[in-house]
Number of protein chains: 2
Amino acid sequence: MQDWEELLSQAGYRVTEPRRWVMRLLLESTAPLSPQALFEAGRARQARLGLVTVYRTLALFEELGLVHRVHLQEDCHGYLPTSPGHRHFLICQHCGSAVEFPGSEDLEGLIATIEAQTGYRVAGHLLQLLGLCPACQGM
Amino acid sequence: MQDWEELLSQAGYRVTEPRRWVMRLLLESTAPLSPQALFEAGRARQARLGLVTVYRTLALFEELGLVHRVHLQEDCHGYLPTSPGHRHFLICQHCGSAVEFPGSEDLEGLIATIEAQTGYRVAGHLLQLLGLCPACQGM
DNA sequence: CCCTTATTGATAAGTTTTTTCAATAATGAG
DNA sequence: CTCATTATTGAAAAAACTTATCAATAAGGG
Ligand SMILES: [Mn+2]
Ligand SMILES: [Mn+2]
Ligand SMILES: [Zn+2]
Ligand SMILES: [Zn+2]
């Protein structure tokens, strides 16, 4: 995502310094970041950025599809910048670095089976993979 | 899970009144419950049960595989009782009722693809489906 | 530029989760 | 069955996290 500023404007929002910081910090990180982590990373770099703004910005970005929230074991969740559309993430359980991949519809078969068995109608899903990134495999 | 008491003992933990309450309340609920919700449900029934104990009990149960934490949009997460082993959940987005299903390895193909594309090695995953339960479909 | 108004952030309020520690109750030994 | 040991509980307090307020600031259109 690089023309996120365009998208923001288009949607009627202003492109501000704090919002630029949040996006920059997210893009520079290889791992998901929590609001607190973003705030501290920003503060460490003299960014003009308040914690409250981080929360608001993440909520806005999420709404616009610019970031996704991922669930972690300890911290509960963090945010990752993302391309628009249906995405999934694969997160390294050692160093936290994440990669996204498009939501290919490989779940069709599984979903059909489950629908038949349960009577539920499936409308969406949450899928995250975890494992080891190339760098962390030699350990 | 009905011989969870056995499992607790076996693992060296005591079978206590508060722990019985937590498990009972979870088993009686069709939807995931948060610690706060469990506490209130217990209190409403004169259970001897403190909020702190609910947190500790859920952590223990999770460790023993007696419950799983599921992620929701608003509350972040709640707990569901579960059979041991690899499970997934399908949650109604209208009423919250959930059903579990065994983790059939339908992801094999997807995982192989992703591993080849990213160089990561996949060790596990988080999969949740959401949709509408039979009762909520006519609305 | 200047005006309008969305946005920010310090502070405070509200939630959620964890820590402490004395009192309690579960379990095994006798 | 009774007692002693010790894991467990829960009230209270601390810590961490999230949301609400509102005066000051700065984006962006005119
Ligand atoms: Mn979560
Ligand atoms: Mn699975
Ligand atoms: Zn790694
Ligand atoms: Zn339903």
Side-chain angles (χ1 to χ4, degrees), chain A residues 3-26 32-64 66-67 69-79, chain B residues 3-26 32-64 66-67 69-79:
Chain A
D3 61 342
W4 62 276
E5 301 195 2
E6 186 63 23
L7 197 153
L8 255 197
S9 287
Q10 227 72 135
Y13 296 98
R14 295 182 179 177
V15 177
T16 68
E17 201 52 31
R19 284 172 180 164
R20 280 208 197 85
W21 270 110
V22 171
M23 183 54 84
R24 173 182 315 166
L25 293 169
L26 284 173
L33 294 175
S34 67
Q36 186 65 43
L38 274 165
F39 175 62
E40 283 165 14
R43 159 159 296 187
R45 294 175 56 181
Q46 330 291 340
R48 179 164 75 74
L49 186 59
L51 179 57
V52 177
T53 298
V54 172
Y55 276 97
R56 282 188 293 227
T57 300
L58 288 172
L60 176 62
F61 283 1
E62 188 173 22
E63 206 172 287
L64 296 176
L66 295 172
V67 304
R69 182 197 308 218
V70 296
H71 298 275
L72 313 165
Q73 23 272 150
E74 0 70 60
D75 282 337
C76 197
H77 58 253
Y79 293 83
Chain B
D3 60 341
W4 61 276
E5 302 195 1
E6 185 63 24
L7 197 153
L8 254 198
S9 288
Q10 228 71 136
Y13 297 97
R14 294 182 180 176
V15 177
T16 69
E17 202 49 32
R19 283 172 181 165
R20 279 207 197 85
W21 270 108
V22 171
M23 182 54 84
R24 172 182 316 163
L25 293 169
L26 284 172
L33 295 175
S34 66
Q36 186 65 41
L38 275 165
F39 175 62
E40 282 164 15
R43 159 160 298 187
R45 295 174 55 183
Q46 330 291 339
R48 179 164 75 74
L49 187 60
L51 180 56
V52 177
T53 299
V54 173
Y55 276 98
R56 283 187 292 226
T57 300
L58 288 172
L60 175 62
F61 283 1
E62 188 173 22
E63 206 173 288
L64 295 175
L66 295 172
V67 303
R69 181 198 309 217
V70 296
H71 299 275
L72 314 165
Q73 23 272 150
E74 0 70 64
D75 281 337
C76 198
H77 57 254
Y79 293 82

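Keep in mind it's a predicted model, so treat the numbers as computed, not measured. Just so it is clear: chains get the letters A, B, ... in the order the sequence lines come, proteins before strands, and each one is counted from 1.
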Handout entry: Net bend of the helix from dC1(C)-dG30(D) to dG30(C)-dC1(D), end axes of five pairs each, nearest 10 degrees
Key = 50°
Fill in the blank from the handout: To the nearest 0.5 Å, atom CD of Gln10(A) lies from atom CG of Leu64(A) at 11.5 Å
Fill in the blank from the handout: Leu60(A) atom CG is separated from dA6(C) atom P, nearest whole Å, by 14 Å
Practice task
Quickly work out the Glu40(B) CD to dT16(C) C1' distance and round it to whole Å.
Solution key: 13 Å
Practice task
Evaluate the criterion side-chain hydrogen bond (donor to acceptor under 3.5 Å, both in side chains) for residue pair His77(A) and His71(A); output intermediate values, then yes/no.
Solution key: CA-CA 4 Å; His77(A) 58 253; His71(A) 298 275; 4.7 Å; no
Problem - Arg20(A) to Trp4(A) - nearest heavy-atom pair and separation - result: CA-CH2, 3.7 Å
Handout entry: d(CD, Gln10(A); P, dG29(D)) in whole Å
Key = 11 Å
Exercise for the section: For residues Tyr13(B) and Leu8(B), determine if any side-chain heavy atom of one lies less than 4.5 Å from a side-chain heavy atom of the other. Expected result: yes
Practice task
Provide the closest heavy-atom pair for Gly78(B) versus Leu72(B) in the form atom of the first, atom of the second, distance.
Solution key: N-CD1, 4.0 Å
Exercise for the section: Let me know, please, whether Val54(A) or Pro35(B) comes out on the 5' side of the other along DNA chain C by nearest nucleotide. Expected result: Val54(A)
Practice task
Find the distance Glu62(A):CD to dT18(D):C1' and express it as a whole number of Å.
Solution key: 14 Å
Handout entry: Sidechain-backbone polar pair: Thr53(A) side chain, Leu49(A) backbone, donor-acceptor under 3.5 Å
Key = no
Completion exercise
Separation of dT16(C) atom C1' from Gln36(A) atom CD, nearest Å, is 15 Å
Practice task
Could you tell me the separation between the CG atom of Leu38(A) and the C1' atom of dC17(D), rounded to a whole number of Å?
Solution key: 15 Å
Practice task
Verify, without hydrogens or angle tests, whether Arg19(A) (side chain) and Arg14(A) (backbone) share a donor-acceptor contact under 3.5 angstrom.
Solution key: yes
Handout entry: With sequence neighbours excluded, residues passing side chain to side chain contact (heavy atoms under 4.5 Å, CB included) with Glu40(A)
Key = Gln36(A)
I'd like a table of atom pairs between the protein and nucleotides 18-26 of chain C - only N or O on both sides, under 3.5 Å - with the distance next to each one.
{"from": "dA26(C)", "atom 1": "N3", "to": "Arg14(B)", "atom 2": "NH1", "distance (Å)": "3.0"}

Practice task
Take atom CZ of Arg19(B) and atom C1' of dG10(D), then tell me their distance rounded to the nearest Å.
Solution key: 14 Å
Completion exercise
Note: Leu58(B) and Val67(B) closest approach over all heavy atoms is O-CG2, 4.0 Å
Problem - Whole angstrom value for the distance that separates C1' of dT7(C) from CH2 of Trp21(A) - result: 18 Å
